[in-house]
There are 2 protein chains.
Amino acid sequence: MSDQKKPATRAEEIRQVIEKEIFQGVLRPGTRLDEESLAARFGLSRTPVREAILQLVYSGLVVKKPRQGAVVAPLDLHRMVQMFEVMSDVEGLCARYAARRMSPDEKARLSAMVAEAEALCEARDLDGYYAVNRAFHDAVYDGSHNEVLKEMARSLFARLAPYRRYQLNHPGRVDGSLAEHAEVVAAIVAADPERAQAVMRKHVTIQADIFAEFVSIMA
Amino acid sequence: MSDQKKPATRAEEIRQVIEKEIFQGVLRPGTRLDEESLAARFGLSRTPVREAILQLVYSGLVVKKPRQGAVVAPLDLHRMVQMFEVMSDVEGLCARYAARRMSPDEKARLSAMVAEAEALCEARDLDGYYAVNRAFHDAVYDGSHNEVLKEMARSLFARLAPYRRYQLNHPGRVDGSLAEHAEVVAAIVAADPERAQAVMRKHVTIQADIFAEFVSIMA
DNA sequence: GGTCCATCTCTTGTATACGTGATGCGAAGT
DNA sequence: ACTTCGCATCACGTATACAAGAGATGGACC
C-alpha cells in the first residue's frame, strides 16, 4: 500500500501511477495497456513502460499474453471468491499472531482506532470510517510481527480493496463491522489467540458473503 | 515449480533457467547477476535478460538496488524463520480445505503416494523419497481446490525447498516425516478438517524447528 | 452470398546505442 | 600515514531501431 517512497527510477514511478489508477478504477479490468500510448502519455520511451507493466503482471494486477499485449486483469469472479476465502483465513492468522505478539503500546493504538471508528460512524462519515477500517486491518497485520504474513495480507487486501468498500453500503453493515472490530480488539488485548483468530476470520467471512451476494445479484 | 510450459518468449525462457539454478544452488545467495554476462552466456541482448531479472525480483528470488545491479536474494535467516512459520499455517489451511474438498479419486492417489513413500523409505532411496514427499505436499495444495491458496503455498514451498530437503538428513526424520504424512492422509480421508489442519501444521512446524536448529548451529 | 486464403498493418519482442549515476583508485592536502 | 577530493570506468536506466507474430482486411473462389 504505502508504496509512496520516492521512486528511484521512471519505471517504478509510472508503475505506481498505473497501479493507483487500477485501484481507483480509472483503469478498469479488461482495459488494454498499450505500450506506445502509455509511453507517449508519460513522455517516455516504451522501455520503462514495459518494465512497469512487467512488474504489474507479476503482482497479478495485469495479465499479459505473449505477443498479444497486456490488459488490466479482468476480474474473475470465481477467483475473487477464492481470494476472499483465503483472505478470511489469512487475516485470522494475523489476528492470532497479533494476540500473542502485540506490545501494550500497539494494543493501545488499536483500541484507539476502534474508538475513532465509533465516532466517525456516529457522525455518518463513511469515507472516514472506511479509512480507519483500513488502518485497523493494517495495524493487525503489523501486529502479527511476521513480514511474510504481512505481505501476503496486504497483497490480498490491495486486490480486494475496491470490493471491500462496496460492502459498507450494505444495510446495517457499518454497525456490524464496528462491533466485530471491537470483538477482535478485545480478544487481542486479552491475548487470546484462538478467539482473536476465530472472530477476525468470521468478520472477514461476512464480508466475503456480502461480496458473494453482490456477485449473484450482478449475474 | 512446474513452470515447464513451453516458453513463448526468450525472457521467460531464461527466467526459468536462472530460477532453476537458484533453486539448485548453482547460483548462490549473494551472487551478482550481471546483465551483460548473462546476455553473453545465453546469446541474447541485455533486454530479455533485464526482463527475466525483473520478474525474479518481483518473485522475491532476486533483490535489486537501482543503479547497483541485481544479486540473488541473500538469505535472511530471520525472514526464513518467518517463512517457515507462515508455511506451517498455510499448509495447515491447505490440509483443512483438502479434507473438505478432495474427491475420492484424489484421496486414493494421496494414499497411494504414502504407500510409495514407504517403499522408497525402506529401500533407503532418499532422492526418490524426497520427490514423492514433494509430490505429496503438492497434491494437498491441489486438494484445497483454491487457486489462490495453492499459489501461495507453492510460492513458499519453492523458496524453502532447498532447506526442506536438508532436514531429511536429520536422524530419524524420514521415519517421522512418513508417519506424519500418514496421519495427515488419514485425517483427510476421514474428512476431518480440524485434525488435518492440526496435523499438517505440526508436520511443517517440525521441519521449521529443525531448520531453526540448523540455523543456530550455523551461527 | 459465404468462406477461405493471402497480405497488410499494428503491436509486441529483441537488439543496439547513448547518457548518467555509482564504485574504486589515485593524488593531493592536512 | 590518513583522509578527502576528483576522475575514470563500468554497469544500469532509457531511448531508438529493427524483426517477427497476431489479428484485420480485402479479394477470390466455391
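So you know, we letter chains A, B, ... as the sequences are listed, proteins then strands, and number each from 1.
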*For nucleotides 13-19 of chain C, read 5' to 3', which letter fits each nucleotide if B means a protein heavy atom sits under 4.0 Å from the base, S means only the sugar-phosphate is that close, and - means neither?*
BBBBB-B

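Here the range on DNA chain D touched by chain A, meaning any atom under 4.0 Å from one of its heavy atoms, is D/dG13 to D/dG23.
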*Reading DNA chain D 5' to 3', what string of ( ), [ ], | and . shows its pairs, if Watson-Crick and G-U wobble pairs count only when both distances fall under 3.5 Å?*
||||||||||||||||||||||||||||||

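Per the geometry, CZ belonging to A/Arg32 stands 8 Å off P belonging to C/dT11, to the nearest Å.
Nucleic acid contact class of A/Leu33 (heavy atoms, under 4.0 Å, all strands): sugar-phosphate only.
Listed by chain and residue number, A/Arg201, B/Leu93, B/Arg96, B/Tyr97 satisfy the side chain to side chain contact (heavy atoms under 4.5 Å, CB included) test with A/Asp89 (two or more places apart in sequence, or in another chain). For the side chain to side chain contact (heavy atoms under 4.5 Å, CB included) test, residues two or more places apart in sequence or in another chain that qualify with A/His203 are A/His137, A/Arg173, A/Ser177, A/Glu180, A/His181, A/Met200, A/Gln207. Legend: residues meeting salt bridge (charged side-chain N to carboxylate O under 4.0 Å, His left out) with B/Glu147, ordered by chain and number and at least two apart, are B/Lys150. In this structure B/Ala153 satisfies the side chain to side chain contact (heavy atoms under 4.5 Å, CB included) test together with B/Val90, B/Cys94, B/Tyr141, sequence neighbours excluded. Applying the salt bridge (charged side-chain N to carboxylate O under 4.0 Å, His left out) rule to B/Arg100 yields no partners; only residues at least two apart in sequence or on another chain are considered. Qualifying side chain to side chain contact (heavy atoms under 4.5 Å, CB included) partners for A/Ser155, counting only residues two or more places apart in sequence or in other chains: none. For A/Glu151, the salt bridge (charged side-chain N to carboxylate O under 4.0 Å, His left out) partners two or more places apart in sequence, or in a different chain, are B/Arg79.
Judged by distance alone, with hydrogens and angles left aside, the side-chain atoms of A/Arg101 form a donor-acceptor pair with the main-chain N or O of A/Ser144 at under 3.5 Å.
Screening residues 51-76 of chain B for salt bridge (charged side-chain N to carboxylate O under 4.0 Å, His left out), with sequence neighbours left out, gives A/Arg50-B/Glu51.
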Pair up each side-chain donor or acceptor in residues 37-48 of chain A with any protein partner under 3.5 Å, not counting sequence neighbours, and list the distances.
residue	atom	partner	partner atom	Å
A/Ser37	OG	A/Asp34	OD2	2.4
A/Arg41	NH1	A/Glu21	OE1	3.4
A/Arg41	NH2	A/Glu21	OE2	2.6
A/Ser45	OG	A/Thr47	N	3.3
A/Arg46	NE	A/Glu35	OE1	3.0
A/Arg46	NH2	A/Glu35	OE1	3.1

